[in-house]
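One structure below.
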Amino acid sequence: MTEALRLAEQGLFTTTPNPRVGCLIVKNGRVVGKGAHKRAGEPHAEILALREAGHEAKGSDVYVTLEPCSHFGRTPPCADALIKAEVKRVIVAMQDPNPKVAGSGMARLNAYGIDTCVGLMESEANVLNSGFVSRMNRSRPFVRCKIAASLDGRTALSNSVSKWITSEAAREDVQYWRARSCAILTGIGTVIADNPSMSVRKFDIGRQPLKVVVDSKLRISSEASILSAGKTLIAYTGSKIDADRQKFQGAELIHAPQKDEKVDLEWLLAFLAQREINDILVEAGNSLNGKLLEYSLIDELIIYYAPLIMGQDASSMFSTADYSQMSQCPKVDIIDVIQLGKEIRIRAKPLYQSTV
């Protein structure tokens, strides 16, 4: 299963909106077939592994990172292909959260006398497809918030200058997180201050993530770089307008409902999930970061700490209400800490208090 998960990582940047899946076929202790799903519409991992195994698939053990599909989607059901190949046993890391499958794939295999087992390295498989799982189970994408900060937790000088807080090593690492994301979310403040393109440059993945700009009053300039770096969606509020398409360079304008006189971020994430967006990388300022944190919408923080001090008048990571008690302060669970050049990267999971 470890090898099957490694195979699944081959589709890390390209399977969207599908999950990343790997498959290994073993017979008499020998690997006879391997497969990895690469792109939506192309053969699934099981099909590729069966093709490689050929007649040796009969009586084999199949290790697959996600429950074989049992429905006709962009491709035929993998469960039927495994049945036709007369495999002996199918070991699955995790059940498919897609309600169109969700156990029916395993049930179909069992009905034809194929032994099944679910749960081997389930947590690893879940992490690999955290965005797909989030979209299926919560009807919203998995949200990672990337922040570049000084050692004293500041993200821009008081005059809004923020280039460059971190070194090339950290910026190259950001390229990895952009490449594996379906969309990049930012606010109009960042667009005006930095004029970023937020494009994937280091990896040749055959696509650019959707750029999503939260711009309540449609202040974006027609010259904004983000409008020319792949598809862009602009979420605004207030009265609907007869948009000047030349100004917005063909960007899609979405009229969003309001919350706290701003774009309703929960609505926006649900809307993006309906567009089959699995993973979102947030690259924004402290205002949008603060609202996402306040509404418990950040699933993971990726913070790059640079070895410099920017002072008390510089911008903070999050614009939030003042807390009077330590118990009110949001807590996080540190997932990972590594050094990249001179910077330290911390990945952390916010621990939100349940309202139930």
>> When you measure from the side chain of Asn28 to the backbone of Arg30, do you find a donor-acceptor pair of N or O atoms at a distance under 3.5 Å?
In response: no

>> Looking at every non-hydrogen atom in both residues, tell me the closest pair between Ala79 and Arg108 and how far apart they are.
In response: CB-CD, 4.4 Å

> Between Asp96, Leu7, Leu5, Thr65, which is the residue that forms a side-chain contact (heavy atoms from CB on, under 4.5 Å) with Val21?
Replying inline: Thr65

> Looking at Lys349, Arg347, Lys146, which one forms a salt bridge (Lys or Arg N to Asp or Glu O under 4.0 Å) with Glu300?
Replying inline: Arg347

> Which residue, Val143, Leu281, Leu268, Val213, forms the side-chain contact (heavy atoms from CB on, under 4.5 Å) with Leu185?
Replying inline: Leu268

Side-chain polar contacts of residues 8-15 - donor-acceptor pairs under 3.5 angstrom, sequence neighbours left out - could you list them?
| residue | atom | partner | partner atom | Å |
| --- | --- | --- | --- | --- |
| Thr14 | OG1 | Lys38 | O | 2.7 |
| Thr15 | OG1 | Gly11 | O | 3.4 |
| Thr15 | OG1 | Asn18 | O | 3.0 |

> With sequence neighbours excluded, what pairs up with Ile338 under the side chain to side chain contact (heavy atoms under 4.5 Å, CB included) test?
Replying inline: Asp336, Leu340, Arg345

> Does any donor atom in the side chain of Ser150 or Arg154 lie under 3.5 Å from an acceptor atom in the other side chain?
Replying inline: no

> Who passes side chain to side chain contact (heavy atoms under 4.5 Å, CB included) against Gln339, sequence neighbours left out?
Replying inline: none

>> Can you tell me if Tyr112 has over 12 outside heavy atoms packed within less than 6.0 Å of its OH?
In response: no

>> Main chain of Ile184, side chain of Glu283: is a donor-acceptor contact present, judged purely on distance under 3.5 Å?
In response: no

> Can Val87 be reached from Val31 by stepping across I, L, V, M, F, W or Y side chains whose heavy atoms are under 4.5 Å apart?
Replying inline: no

> Between Ser324 and Gln328, does any side-chain donor sit less than 3.5 Å from a side-chain acceptor?
Replying inline: yes

>> Main chain of Cys23, side chain of Glu46: is a donor-acceptor contact present, judged purely on distance under 3.5 Å?
In response: no

>> The criterion is side chain to side chain contact (heavy atoms under 4.5 Å, CB included); which residues satisfy it with Ala306, sequence neighbours excluded?
In response: Ile165, Thr166, Leu308, Glu343

> Would you say Ser130 and Arg144 make side-chain contact, with heavy atoms under 4.5 Å?
Replying inline: yes

> Would you say the side-chain atoms of Ser181 pair up with the backbone N or O of Ile280, donor to acceptor, closer than 3.5 Å?
Replying inline: no

>> Does any part of the side chain of Leu210, heavy atoms only, come nearer than 4.5 Å to the side chain of Leu272, both counted from C-beta?
In response: yes

> Do other residues, nucleotides or ligands put more than 12 heavy atoms under 6.0 Å from the NZ atom of Lys27?
Replying inline: yes

>> In the structure I gave you, are the side-chain heavy atoms of Thr186 and Leu288 within less than 4.5 Å of one another anywhere?
In response: no

>> Same cluster or not: Leu292 versus Phe142, using hydrophobic residues (I, L, V, M, F, W, Y) connected whenever any side-chain heavy atoms lie under 4.5 Å apart?
In response: no

> Out of curiosity, does Met94 fall in the hydrophobic cluster containing Val127 (side-chain heavy atoms, cut-off under 4.5 Å, transitive links)?
Replying inline: no

> Does the pair Arg180 and Asp279 meet the rule for a salt bridge (charged side-chain N to carboxylate O under 4.0 Å, His left out), with working shown?
Replying inline: CA-CA 8 Å; Arg180 66 177 289 173; Asp279 296 271; 5.4 Å; no

>> Suppose we screen for ring-ring contact (aromatic ring centres under 6.0 Å, His included). Which residues come up paired with Trp164, at least two apart in sequence or across chains?
In response: none

>> Strictly distance-based, threshold 3.5 Å: is any side-chain N or O of Asp194 a donor or acceptor partner for the main-chain N or O of Pro196?
In response: no

>> Taking the side chain as everything from C-beta on, heavy atoms only, tell me whether Val200 gets closer than 4.5 Å to Ile205.
In response: yes

>> Is it the case that the side chain of His255 and the backbone of Tyr236 share a donor-acceptor pair, with hydrogens and angles ignored and the cut-off at 3.5 Å?
In response: no

> Taking Asn278 for the side chain and Pro17 for the main chain, is one N or O donor matched with an acceptor at less than 3.5 Å?
Replying inline: yes

>> Is the shortest side-chain heavy-atom distance between Met310 and Leu157 below 4.5 Å?
In response: yes

>> Going by side-chain hydrogen bond (donor to acceptor under 3.5 Å, both in side chains), name the pairs with one or both residues in residues 198-217, residues two or more places apart or in two chains.
In response: Glu172-Lys202, Ser197-Ser199, Ser199-Arg201

>> A side-chain contact here means heavy atoms from C-beta on lying under 4.5 Å apart; do Leu227 and Ser221 qualify?
In response: no

> Hey, is the main chain of Gln312 close enough, under 3.5 Å, to the side chain of Asp152 for a donor-acceptor pair?
Replying inline: no

>> Between Tyr295 and Lys259, is there a side-chain heavy-atom distance shorter than 4.5 Å?
In response: yes

> Does any non-hydrogen side-chain atom of Thr190 lie less than 4.5 Å from one of Met198?
Replying inline: yes

> Judged by atom type as modelled, is there a donor-acceptor pair below 3.5 Å linking the side chain of Thr155 to the main-chain atoms of Met317?
Replying inline: no

